[in-house]
Q: 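Before anything else, here's the structure in question.
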Amino acid sequence: MNIALIGCGNIASIIARKARNVRIVAVYDADEQRKNTFAAQVGAHASPDLASLLEEDVALVVEAASPSAVRQTAQHVIKAGKDLMVMSVGGLVDPVFRSQLIGLAREHNHRIYIPSGAIGGLDAISAARVGRIDSITLETRKPPGSLGLTVASETVVFEGTPQEAIARYPRNINVAVTLSIIGGDDRVRVTIIADPATRNNTHRITVRGEVGTLTFEFANEPSPNQATSLLAGYSAVALLERIAQPLHF
Ligand SMILES: NC(=O)c1ccc[n+]([C@@H]2O[C@H](COP(=O)([O-])OP(=O)(O)OC[C@H]3O[C@@H](n4cnc5c(N)ncnc54)[C@H](O)[C@@H]3O)[C@@H](O)[C@H]2O)c1
């Protein structure tokens, strides 16, 4: 499967290193030098702009850049006749923008893929949503530096909705938006804890509803940029492999 990448950072590097059944044909990044270096490393075309990237013969465009890149590019990708994979799920936090994008994808008969990212259990949560979901809580614990903070001891730095969380920490709390998309926008409450004693990004999720109580905990190792969980990069690779293969689970 031929793909193009928007964003040539940490997740793009993991995809380039680990994905076996995809070929990176073209890449785009707002940082010119990073784009050219990455393109040379992976043998891809460095597109001068988004319009040129979308003229490439690819089935799927992977966004691995930023929430603002999602808002700037997602509709163009679908209109150009490509499927889209969104890593910066925070860019889909606005339900109006999201439903317009889904409508566009339906109209053009294309798909929008969201990798499980730094968490998992989305299969069980979507099954639970067939019935009644009462609440979903997400407690995220991170090293203070990855939140851009300095604190002496464990500190609750945020409590609120995914919308409020992504507005405060746009690079850090994509998983809250993934949960609200799959579990219902009004169901999710988020707590973020800055903890100097940890080097992992830990997400503890509790879903309560008709099916019972589901609990998940992910104590993620960081990837080389320290902010992104290694699991998030690997989830993009795993999803690409699934799309490229006939076996789906
Ligand atoms: N879904 C999840 O669970 C999850 C987990 C971790 C990270 N993420 C998100 O995935 C994205 C990529 O993560 P990463 O670790 O590779 O980040 P990174 O900082 O290593 O790389 C991002 C790259 O995108 C480029 N970029 C940013 N905005 C751009 C724009 N508007 N147009 C073009 N290029 C742009 C930057 O120059 C940079 O090279 C981030 O938004 C991050 O928050 C999602």
Side-chain angles (χ1 to χ4, degrees), residues 4-19 24 26-39 41-42 44 46-54 61-77 84-93 98 112-122 125 138 140 142-143 146-148 162 165-182 188 190 192 200-203 205 216 218 220-240:
L5 298 178
I6 300 172
C8 299
N10 189 63
I11 289 178
S13 302
I14 293 174
I15 292 172
R17 230 180 30 250
K18 294 281 186 186
I24 303 171
V27 300
Y28 174 68
D29 195 297
D31 182 325
E32 192 79 10
Q33 192 183 345
R34 189 177 279 195
K35 174 181 75 181
N36 291 331
T37 307
F38 183 81
Q41 276 167 1
V42 304
S47 292
D49 50 39
L50 182 71
S52 313
L53 184 85
L54 297 181
V61 175
V62 178
E63 175 286 325
S66 60
S68 61
V70 176
R71 287 189 294 276
Q72 287 159 12
T73 63
Q75 297 189 336
H76 298 295
V77 172
L84 171 67
M85 182 185 291
V86 176
M87 278 314 302
S88 310
V89 195
L92 299 176
V93 72
R98 199 165 73 223
I112 304 159
Y113 295 99
I114 299 180
S116 46
I119 57 171
L122 304 184
I125 299 172
L138 167 69
T140 292
K142 293 200 171 199
S146 77
L147 295 163
I166 203 81
R168 278 270 290 277
Y169 298 103
R171 291 193 49 82
N172 278 279
I173 201 76
N174 290 284
V175 295
V177 180
T178 304
L179 287 172
S180 68
I181 293 172
I182 209 143
V188 185
V190 182
I192 304 176
N200 292 339
N201 296 332
T202 302
H203 303 289
I205 298 160
F216 310 89
F218 303 88
N220 292 335
E221 290 294 328
S223 56
N225 77 354
Q226 296 303 313
T228 296
S229 298
L230 191 57
L231 184 67
Y234 285 5
S235 82
V237 176
L239 180 51
L240 286 169

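In each ligand, atom 1 is the first atom listed, and ligand 1 is the first ligand listed.
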Q: Between C8 and D31, is any pair of side-chain heavy atoms under 4.5 Å apart?
A: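 C8 vs D31: side chains apart.
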Q: Before signing off on this row, confirm whether M87 and ligand 1 have an N or O atom pair separated by under 3.5 Å.
A: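 Yes: some nitrogen or oxygen of M87 is under 3.5 Å from one in ligand 1.
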Q: Ligand 1 and A30, any nitrogen or oxygen pair closer than 3.5 angstrom?
A: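 Yes, A30 has an N/O under 3.5 Å of an N/O on ligand 1.
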Q: Side chains of N200 and N220: does their closest heavy-atom pair fall under 4.5 Å?
A: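 When only atoms from C-beta onward are counted, N220 and N200 do not touch, as no gap falls below 4.5 Å.
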Q: How close does the nearest protein non-hydrogen atom get to atom 13 (O) of ligand 1, and which residue and atom is it?
A: I11 CD1, 3.6 Å
Q: Just jot down the ligand 1 atoms closer than 4.0 angstrom to any heavy atom of Y28, in number order.
A: 33 (C)
Q: Is the closest side-chain heavy-atom distance between V175 and F218 below 4.5 Å?
A: no
Q: For atom 41 (O) of ligand 1, state which one of S88, S235, A176 supplies the nearest heavy atom.
A: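 The nearest heavy atom belongs to S88.
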Q: Show the atoms of ligand 1 that are less than 4.0 angstrom away from any heavy atom in S66.
A: 27 (C), 28 (N), 29 (C), 31 (N), 41 (O)
Q: If the cut-off is 4.0 Å to any non-hydrogen atom of V89, which atoms of ligand 1 fall inside it?
A: 1 (N)
Q: May I ask you to check if ligand 1 and E63 share an N or O to N or O distance below 3.5 Å?
A: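 No, since none of the N or O atoms of E63 sits under 3.5 Å from an N or O of ligand 1.
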Q: Heavy-atom contact under 4.0 Å between A64 and ligand 1?
A: yes
Q: With a 4.0 Å cut-off on heavy atoms, is D29 touching ligand 1?
A: yes
Q: Determine whether T73 and Y28 make a side-chain contact, defined as any pair of heavy atoms from C-beta on separated by less than 4.5 Å.
A: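 No, their side chains stay 4.5 Å or more apart.
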Q: Please say whether S229 places an N or O atom under 3.5 Å from an N or O atom belonging to ligand 1.
A: no
Q: Could you tell me whether the side chain of S66 and the main chain of A69 form a donor-acceptor pair under 3.5 Å?
A: yes
Q: Please could you name the atoms of ligand 1 that A232 approaches to less than 4.0 Å, counting only its heavy atoms?
A: 5 (C), 6 (C)
Q: Numbering the atoms of ligand 1 from 1, which are under 4.0 Å from a heavy atom of V175?
A: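 By the 4.0 Å cutoff, the relevant atoms are 3 (O).
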Q: Indicate whether the side chain of S52 and that of D49 have a donor and an acceptor atom separated by less than 3.5 Å.
A: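 The criterion, which ignores hydrogens and geometry beyond distance, is satisfied for D49 and S52.
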Q: Distance under 4.0 Å to a non-hydrogen atom of R34: what atoms of ligand 1 satisfy this?
A: 21 (O), 38 (C), 39 (O)
Q: Please determine if N174 has a nitrogen or oxygen closer than 3.5 Å to a nitrogen or oxygen of ligand 1.
A: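 Between N174 and ligand 1, an N or O pair is found under 3.5 Å apart.
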Q: Please list, in number order, the atoms of ligand 1 under 4.0 Å from a heavy atom of N10.
A: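 Taking each heavy atom of N10 in turn, ligand 1 has 14 (P), 15 (O), 16 (O), 18 (P), 20 (O), 21 (O) under 4.0 Å.
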Q: Treating N174 as the side-chain partner and V89 as the backbone partner, does any N or O pair qualify as donor plus acceptor under 3.5 Å?
A: yes
Q: Does any N or O in the side chain of Q33 come within less than 3.5 Å of the main-chain N or O of N36, such that one atom is a donor and the other an acceptor?
A: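 No, Q33 side chain to N36 backbone: no donor-acceptor pair under 3.5 Å.
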Q: Side chains of V62 and I11: closer than 4.5 Å at any heavy-atom pair?
A: no
Q: I192 versus K142: any side-chain heavy-atom pair under 4.5 Å?
A: no
